[in-house]
**Student:** 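Pasting a structure below so you can have a look.
Order of the sequence lines sets the chain letters (A, B, ...), proteins ahead of strands, with each chain counted from 1.
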Protein chains: 2
Amino acid sequence: MAALAVIGHILPGMARFGLRIVDFSILSIIFHNPGITSKQLCGALNLLPPNLVGKIGTLEKRGLLVRHPHPQDGRALGLQLTAEGRALMQQAELAVAGLEAQSTQALTTAERRTLIRLLQKLYLG
Amino acid sequence: MAALAVIGHILPGMARFGLRIVDFSILSIIFHNPGITSKQLCGALNLLPPNLVGKIGTLEKRGLLVRHPHPQDGRALGLQLTAEGRALMQQAELAVAGLEAQSTQALTTAERRTLIRLLQKLYLG
DNA sequence: TATTGTTATACTCTATAACTATA
DNA sequence: TATAGTTATAGAGTATAACAATA
């Protein structure tokens, strides 16, 4: 329920950028890992390759990213943001940071740190 | 990611009872609130009425619950578990408690309490 | 032979409109 | 008129199989 509450705050905020949360995640990972392949993206976001193709295609048509041949592996395609994509993500990441702060304003800074630490302990085993 | 990790543990455990998590939630709420209406269930689980109908129907066909006319409101139907449904839920709730303990075994008892408190603070505002 | 990316497709989940019967 | 439950259906998300190009 807590996760849904936070997502419920972030989702409409991302809609202002024409992005769903998964789109933001895709662009954010490419933003910080230029040249990453679709395979690596699927691993990072737990997406299946067939379900990533359409999303990448849509973002490419919007002019936010480009696919170009991978220098080492002819099968793969390296993904990079366009200047427009980078500009959008700079704004979007600021917006997400603000929305996260807003979603967790019921917690003190110390509580927020504790929560993140405990959640990490949970999913890291 | 933490929520997905916990769900990932509970989901296969519930599959042994032939239940998805939403089915468990439906049966659990009826178990502890006999006579509850579909409308109230939708509110509790954030489901839309058309999407509850089929689930209730399937559980009814399995002999786990029954629908009978509501004593005060002729439009509504009161939901109750059958003896078989109650027996299943007693086992399933024990299993879930065990799976939750297993999912959170990386945390101490105090940390588990703290986590729950902080998550409640988050979604209660 | 194995892997990356892709297409086609099926299945599930979620959402909206419209109907019935009761209030 | 409004509401509880239902039906039909559309859309999004998620899954598997199979193929072309490359390793």
Side-chain angles (χ1 to χ4, degrees), chain A residues 1 3-5 7-8 10-12 14-15 17-27 29-30 33-62 65-80, chain B residues 1 3-5 7-8 10-12 14-15 17-27 29-30 33-62 65-80:
Chain A
M1 293 177 71
L4 291 175
I7 290 173
I10 293 181
L11 202 136
M14 285 302 94
F17 293 94
L19 299 175
R20 287 156 300 175
I21 291 180
V22 64
D23 298 318
F24 171 83
S25 303
I26 290 169
L27 293 175
I29 290 178
I30 299 174
N33 303 274
I36 192 174
T37 67
S38 295
K39 182 80 192 306
Q40 293 173 308
L41 249 185
C42 285
L45 294 175
N46 198 29
L47 293 172
L48 293 170
N51 300 330
L52 181 62
V53 174
K55 299 180 202 301
I56 291 286
T58 301
L59 295 170
E60 188 179 33
K61 277 178 194 153
R62 278 181 62 183
L65 62 82
V66 288
R67 293 186 258 209
H68 53 63
H70 193 280
Q72 276 89 37
D73 190 336
R75 297 169 302 182
L77 295 169
L79 302 170
Q80 289 189 338
Chain B
M1 293 177 73
L4 292 175
I7 290 173
I10 294 181
L11 202 138
M14 285 302 94
F17 293 94
L19 299 176
R20 287 157 300 177
I21 292 180
V22 64
D23 298 319
F24 171 83
S25 302
I26 289 169
L27 292 175
I29 290 178
I30 299 174
N33 302 273
I36 191 175
T37 66
S38 295
K39 183 75 191 305
Q40 293 173 307
L41 250 185
C42 285
L45 294 175
N46 198 29
L47 293 172
L48 292 171
N51 299 330
L52 181 62
V53 174
K55 300 179 202 301
I56 291 286
T58 301
L59 295 171
E60 187 178 33
K61 277 178 193 153
R62 279 180 61 182
L65 62 82
V66 289
R67 295 185 258 209
H68 53 61
H70 193 280
Q72 277 90 37
D73 189 336
R75 297 168 301 181
L77 296 169
L79 302 170
Q80 289 189 338

**Student:** CG of B:Leu52 to CG of B:Leu45: how many Å apart, nearest 0.5 Å?
**Tutor:** 8.0 Å
**Student:** Let me know, please, whether A:Leu47 or A:Gln72 comes out on the 5' side of the other along DNA chain D by nearest nucleotide.
**Tutor:** A:Leu47
**Student:** Looking at B:Arg20, does any N or O in its side chain come under 4.0 Å of the phosphate oxygens OP1/OP2 on C:dC13?
**Tutor:**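 Checking B:Arg20 against C:dC13: at least one side-chain N or O falls below 4.0 Å of OP1 or OP2.
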**Student:** I want to verify a distance call: between C:dA17, C:dG5, D:dA15, whose nearest atom is closest to the B:Pro50 side chain?
**Tutor:** C:dA17
**Student:** Given atom NZ of A:Lys55 and atom P of D:dG11, what is their separation to the nearest angstrom?
**Tutor:**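 Value for this atom pair: 16 Å.
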**Student:** Is there a side-chain contact between B:Ile30 and B:Leu41 (heavy atoms, below 4.5 Å)?
**Tutor:**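 Yes, side chains in contact.
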**Student:** Is the side chain of A:Arg62 donor-acceptor paired with the backbone N or O of A:Gly18 at a distance under 3.5 Å, no angle test?
**Tutor:** yes
**Student:** In whole angstroms, how far is the C1' atom of D:dG13 from the CD1 atom of A:Ile7?
**Tutor:** 14 Å
**Student:** Please report, rounded to the nearest Å, how far the C1' atom of D:dA4 is from the CG atom of B:Asp73.
**Tutor:** 7 Å
**Student:** Roughly, in whole Å, what's the span from CD1 in A:Ile56 to C1' in C:dT7?
**Tutor:**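 Roughly 16 Å, once rounded to whole Å.
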**Student:** Rounded to whole angstroms, how far apart are NE2 on B:His70 and P on D:dT3?
**Tutor:** 17 Å
**Student:** Show the numbers, then the answer: is there a side-chain contact (heavy atoms from CB on, under 4.5 Å) between B:Thr58 and B:Asp23?
**Tutor:** CA-CA 10 Å; B:Thr58 301; B:Asp23 298 319; over 6 Å; no
**Student:** Does D:dA4 have OP1 or OP2 under 4.0 Å away from a side-chain N or O of B:Ser38?
**Tutor:**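 The answer is no; no side-chain N or O of B:Ser38 sits under 4.0 Å from OP1 or OP2.
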**Student:** Could you walk me through whether B:Asn33 and B:Leu79 pass side-chain contact (heavy atoms from CB on, under 4.5 Å), step by step?
**Tutor:** CA-CA 9 Å; B:Asn33 302 273; B:Leu79 302 170; over 6 Å; no
**Student:** Got a donor-acceptor pair under 3.5 Å from the side chain of A:Asn51 to the base of D:dA15?
**Tutor:** yes
**Student:** Take the protein atom CG of A:Leu11 and the nucleotide atom P of D:dA12, then report the distance between them rounded to whole Å.
**Tutor:**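 Taking CG of A:Leu11 and P of D:dA12, I get 13 Å after rounding.
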**Student:** Once you round it to whole Å, what is the distance between P of D:dG11 and CG of B:Leu48?
**Tutor:**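 Rounding to the nearest Å, CG of B:Leu48 and P of D:dG11 are 17 Å apart.
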**Student:** Tell me: CG of B:Leu52 to C1' of D:dA8, nearest whole Å?
**Tutor:**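 My rounded result for the distance is 17 Å.
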**Student:** May I ask you to evaluate whether B:Arg67 reaches the phosphate of D:dT6, defined as a side-chain N or O under 4.0 Å from OP1 or OP2?
**Tutor:**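 Yes.
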**Student:** Ignoring backbone atoms, test whether A:Arg75 places a side-chain nitrogen or oxygen under 4.0 Å from the OP1 or OP2 oxygen of D:dA20.
**Tutor:** no
